[in-house]
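Before any comments, here is the structure.
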Amino acid sequence: MWLVSAAFFMQALDSTIVNTAVPAISGALAVTPLSMRTALTSYVLTLAIFIPMSPWLCDRFGTRRVFGGAILVFALGSLLCGVAQSLPQLVVSRIIQGLGGAALMPVGRYVLVRSIDRREFVSSMTTVATFGLLGSVFGPLLGGALVEYTNWRLIFLINVPVGLVGLLLNRREMPDYRLDRAHRFDTSGFLLFAGASALCLMAAETLGGDGHGLLVAAYTAGAVALGTLYVRHSRRTAYPVSDLSLLKVRSVWVSLAGNLFTRLGVSGMYLLLVLFLQIGCGWSPLTAGLMMVPQAIGSIAVKPFIDRLLTHFGYRRLLLGNTILVAIVLCAFALLSPSTPPLVIAAFVFVYGAVMSVQYTSMNTLAYVDLDVKYAAMASSMASTAQYLSMSFGIALASLLMAGFLGSHAAEGYVWAFRWSVIVMGMITLAASWIFGRLRDTRATPSETAGAT
């Protein structure tokens with residue numbers, strides 16, 4: 001569990017460490033801060049596209065070799081990011097990073113499902129999620145410190161020695177689960193799924209550009225066509241890369257759809273908050289990174305109570321009510337201004353961290369509640385894919401909103417754009433509450449909550 005926790009920490013750290021450094025990296029590479037979204041979304045989209053390969057890779061090569069290979073590729077991608085000289089080079093390096101990171105989370109979840117008693121799974125996932133949470137919070141903090149006192153390149157190079165330690169631990173501690181005879185990989189399905197996902201993000205990235213209407217329409221039509229072909233293909237394939245038949249289970253489709261809309265609304269929040277604090281308020285990178293610490297404190301503070309909340313309220317009532325709270329908190333960020341005292345901003349971030357901690361843990365365990373353990377690898381792959389797809393779209397959407405509301409590149413322009421962007425993002429998040437309302441109105445018992453795998 002500690003090895004998986006360390007991998008989650010490293011991946012979460014790298015997913016967020018770039019956010020605080022966006023203004024500095026954009027200046028060094030001679031691009032605008034909002035154009036840096038490509039470096040953020042390319043990494044997350046690569047995770048989403050290649051995560052569906054992880055169940056087959058585990059069955060074919062074993063969890064130990066796949067996990068070790070993922071750490072090695074991730075460290076190599078980090079090294080290339082650290083020496084990149086232009087935005088295109090950085091994007092390509094982030095894609096290589098994503099190739100390695102794509103196996104870390106789903107393989108880790110799969111190993112936990114196979115290794116840990118169902119009655120202890122929620123508490124174990126809470127422990128692992130806490131380390132991931134720490135990584136997502138220390139990422140902006142460490143990124144700010146490295147940018148302010150050293151060089152932005154170190155935010156990537158720091159992964160190299162960490163990866164080497166991970167390789168040593170993997171050989172000693174990682175169990176090796178595999179099938180004696182793995183089924184054939186669904187290459188056609190993978191290409192259809194990857195193409196549809198890439199075209200969706202390209203449409204989102206292109207949206208808002210002058211004279212790009214036809215291009216956006218073409219990307220969207222292509223994504224719909226490939227997605228439709230994949231749905232037909234998956235029904236005729238014995239071992240599809242993503243088994244859509246699992247969506248017949250109510251808790252699975254609600255978890256995936258709820259994840260999509262929730263993360264679509266919240267995934268760009270870190271980037272917008274950093275731009276608001278550094279450009280709109282004139283804060284230093286380190287000070288802006290420090291403002292993420294209250295989010296970690298809020299998240300960790302409620303972790304011990306989530307199991308009891310699920311037992312008392314059940315998944316439907318808890319997710320329905322908490323999603324509404326998340327939307328309200330997001331909209332409330334529009335009240336902030338450069339004159340707002342730092343303690344007040346910290347209080348906002350603390351509350352945001354608390355409600356998001358409840359949201360993430362509840363959503364991430366919901367997908368496993370009604371599934372047999374034999375579907376655990378596929379469910380983990382699909383949950384991770386949905387998570388990172390929605391994150392890539394969420395970052396692109398937040399950047400698009402910020403650019404649309406940005407009247408000028410002066411500090412006041414970023415403050416104005418931040419306020420309206422978070423309001424729109426809050427409204428999108430609110431839509432997820434309707435999805436969670438589709439769950440059956442049952443109250444979880446302690447045994448059901450403990451078995452929420």
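What you are looking at is a predicted structure, and each value in this text was computed from that prediction instead of being measured.
- When the ring pair (Phe, Tyr, Trp, His ring centres under 6.0 Å) test is applied to Phe74, no partner is found at least two apart in sequence or on another chain.
- With sequence neighbours left out, the ring pair (Phe, Tyr, Trp, His ring centres under 6.0 Å) criterion links Tyr43 to no other residue.
- Taking the centre of each ring, Phe50 and Phe190 come in below the 6.0 Å mark.
- When the side-chain contact (heavy atoms from CB on, under 4.5 Å) test is applied to Thr340, the partners found at least two apart in sequence or on another chain are Leu336, Ser337, Val344, Ile345.
- Note that CZ of Phe67 is 13.0 Å distant from CG of Leu72, once rounded to the nearest 0.5 Å.
- Within the structure, every pair that satisfies the salt bridge (charged side-chain N to carboxylate O under 4.0 Å, His left out) test and touches residues 75-94, not counting sequence neighbours, is listed here: Asp14-Arg94.
- Partners of Arg263 by salt bridge (charged side-chain N to carboxylate O under 4.0 Å, His left out), not counting sequence neighbours: none found.
- Although no hydrogens or angles enter the test, the distance criterion places no donor-acceptor pair under 3.5 Å between the side chain of Ser362 and the main chain of Gln359.
- Side-chain atoms of Val415 and Phe276, non-hydrogen and from C-beta on, do get closer than 4.5 Å to each other.
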Verdict with supporting geometry, Ile25 and Leu90, side chain to side chain contact (heavy atoms under 4.5 Å, CB included): CA-CA 10 Å; Ile25 298 177; Leu90 181 61; 4.1 Å; yes

CA sep, side-chain torsions, deciding dist, call: Ile435, Val254, side chain to side chain contact (heavy atoms under 4.5 Å, CB included): CA-CA 6 Å; Ile435 297 173; Val254 169; 4.3 Å; yes

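- Of the possible donor and acceptor atoms, one in the side chain of Ser392 sits under 3.5 Å from a partner among the backbone N and O of Leu389.
- In this structure, the ring pair (Phe, Tyr, Trp, His ring centres under 6.0 Å) partners of Phe348, at least two apart in sequence or on a different chain, are Phe333.
- Applying the salt bridge (charged side-chain N to carboxylate O under 4.0 Å, His left out) rule to pairs touching residues 81-91 yields nothing, sequence neighbours excluded.
- Among pairs with a residue in residues 140-158, those fulfilling side-chain hydrogen bond (donor to acceptor under 3.5 Å, both in side chains) read Glu148-Ser284, at least two apart in sequence or across chains.
- Under the side-chain hydrogen bond (donor to acceptor under 3.5 Å, both in side chains) criterion, no residue pair touches residues 221-232, with sequence neighbours excluded.
- Under the side-chain contact (heavy atoms from CB on, under 4.5 Å) criterion, Ala223 pairs with Leu199, Cys200, sequence neighbours left out.
- Judged by the 6.0 Å and 45° rule, Arg250 forms no cation-pi pair with Trp253.
- For the pair Asn259 and Leu256, the minimum side-chain heavy-atom distance is 4.5 Å or more.
- Asp186 places no side-chain N or O within donor-acceptor distance of the main-chain N or O of Pro240, the cut-off being under 3.5 Å.
- For residues 414-423, the set of pairs meeting the side-chain hydrogen bond (donor to acceptor under 3.5 Å, both in side chains) definition, not counting sequence neighbours, comprises His409-Tyr414.
- Between the CG atom in Leu191 and the CG atom in Leu229 there is a gap of 12.0 Å [rounded to 0.5 Å].
- Listed for the Ser299 side chain is a donor-acceptor partner under 3.5 Å among the backbone atoms of Gly353.
- A donor-acceptor contact shorter than 3.5 Å is absent between the side chain of Gln278 and the backbone of Val274.
- Between Leu366 and Leu439, some side-chain heavy-atom pair lies under the 4.5 Å cut-off.
- The structure places OG1 of Thr41 at 10.5 Å from CE of Met36, a figure rounded to the nearest 0.5 Å.
- To the nearest 0.5 Å, atom CE of residue Met363 and atom OG1 of residue Thr361 are 9.0 Å apart.
- If you run side-chain contact (heavy atoms from CB on, under 4.5 Å) between Ser390 and each of Leu260, Thr262, Val266, only Leu260 comes through.
- Atom CG of Leu80 is separated from atom CD1 of Ile95 by 12.0 Å, given to the nearest 0.5 angstrom.
- Under the ring pair (Phe, Tyr, Trp, His ring centres under 6.0 Å) criterion, Phe156 pairs with no residue, sequence neighbours left out.
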Check against side chain to side chain contact (heavy atoms under 4.5 Å, CB included), Leu271 and Ser399: CA-CA 8 Å; Leu271 175 61; Ser399 301; 3.5 Å; yes

From CA spacing to verdict: side chain to side chain contact (heavy atoms under 4.5 Å, CB included), Cys331, Ile328: CA-CA 5 Å; Cys331 293; Ile328 293 173; 5.9 Å; no

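- In this structure, Asn159 contributes its side chain and Leu79 its backbone to no donor-acceptor pair below 3.5 Å.
- Leu272 has its side chain within reach of Met425: a pair of non-hydrogen atoms, C-beta onward, lies under 4.5 Å apart.
- Proximity of a side-chain donor or acceptor of Ser42 to a complementary backbone N or O of Thr38 within less than 3.5 Å is detected.
- Note that the SG atom of Cys81 and the CD1 atom of Ile96 stand 8.0 Å from one another [nearest 0.5 Å].
- A donor-acceptor pair is defined here as one N or O able to donate and one able to accept, closer than 3.5 Å; no such pair exists between the side chain of Ser357 and the backbone of Ala354.
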